[in-house]
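Below: the structure, in structure tokens.
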Amino acid sequence: MRKVSLIPFAREVIKSSSSQCRSFSSSPSNNKLFVAGLSWSVDEKSLKEAFSSFGEVSEVRIMYDRDSGRSRGFGFVNFSREDEASSAKDAMDGKAFLGRPLKVSFALDKVQREPLTTRHSNRGATFSRSR
DNA sequence: GTTGAGCGTT
């Protein structure tokens, strides 16, 4: 009669905290802001001027159309600090800019530039995409 | 002279 303490389910529910990256934020991008709702006449300098008022803007990138060359109406703003980005987002999100409501939110980490390393034989047959 | 939801190249 020995009670074999057979632990049915180990209480080690504690997941292995092996990948403990720094504090997790509620957003994938920390100081990366996605700004949309911009007027088609807004440029990076205007955006930077408007956002640099909340903190130090490290980078401002507005996407333009490659077919016509006009602005797509959305861009990205990088802050040196996440505190400034959050303030700017909370401050400029929903506000009007140049007569249009601004939509600011954290940007997604889409940038993962991979060098053109020939993954497998890249026969050099590069598709010449003219347009 | 236009249009209006959205997540991007070096």
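By convention in this document, chain letters (A, B, ...) are assigned in the order of the sequence lines, proteins followed by strands, and residues within each chain are numbered from 1.
Defined by atom type and a distance below 3.5 Å, a donor-acceptor pair is missing between the side-chain atoms of A:Ser87 and A:Asp90.
In this entry the distance linking CG of A:Leu47 with C1' of B:dC7 reads 15 Å, nearest Å. Atom CG of A:Asp65 is separated from atom P of B:dC7 by 16 Å (rounded to the nearest Å). One atom, CD of A:Glu59, and another, C1' of B:dT10, lie 10 Å apart when rounded to the nearest Å.
Residue A:Arg61 places a side-chain atom within donor-acceptor reach of the base of B:dT9, judged by atom type and a 3.5 Å distance cut-off alone.
Residues satisfying the side-chain contact (heavy atoms from CB on, under 4.5 Å) criterion with A:Asp65, sequence neighbours excluded, are A:Asp67, A:Ser68, A:Arg72. Residues satisfying the ring-ring contact (aromatic ring centres under 6.0 Å, His included) criterion with A:Phe97, sequence neighbours excluded, are absent altogether. Residues passing the side-chain contact (heavy atoms from CB on, under 4.5 Å) test with A:Ser41 are A:Ser39, sequence neighbours excluded. The side chain to side chain donor-acceptor pair (under 3.5 Å) test applied to A:Glu59 returns no partner, not counting sequence neighbours.
Through direct or relayed side-chain contacts under 4.5 Å between Ile, Leu, Val, Met, Phe, Trp and Tyr, A:Met63 connects to A:Phe34, A:Phe74, A:Phe76.
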Atom pairs under 3.5 Å, N or O on each side, protein against nucleotides 3-6 of chain B: can you list them with distances?
{"residue": "B:dG4", "atom": "N1", "partner": "A:Leu38", "partner atom": "O", "Å": "2.6"}
{"residue": "B:dG4", "atom": "N2", "partner": "A:Leu38", "partner atom": "O", "Å": "3.1"}
{"residue": "B:dG4", "atom": "N2", "partner": "A:Gly73", "partner atom": "O", "Å": "3.4"}
{"residue": "B:dG6", "atom": "O6", "partner": "A:Gly73", "partner atom": "O", "Å": "3.0"}
{"residue": "B:dG6", "atom": "N1", "partner": "A:Arg72", "partner atom": "O", "Å": "2.9"}
{"residue": "B:dG6", "atom": "N2", "partner": "A:Arg72", "partner atom": "O", "Å": "3.3"}

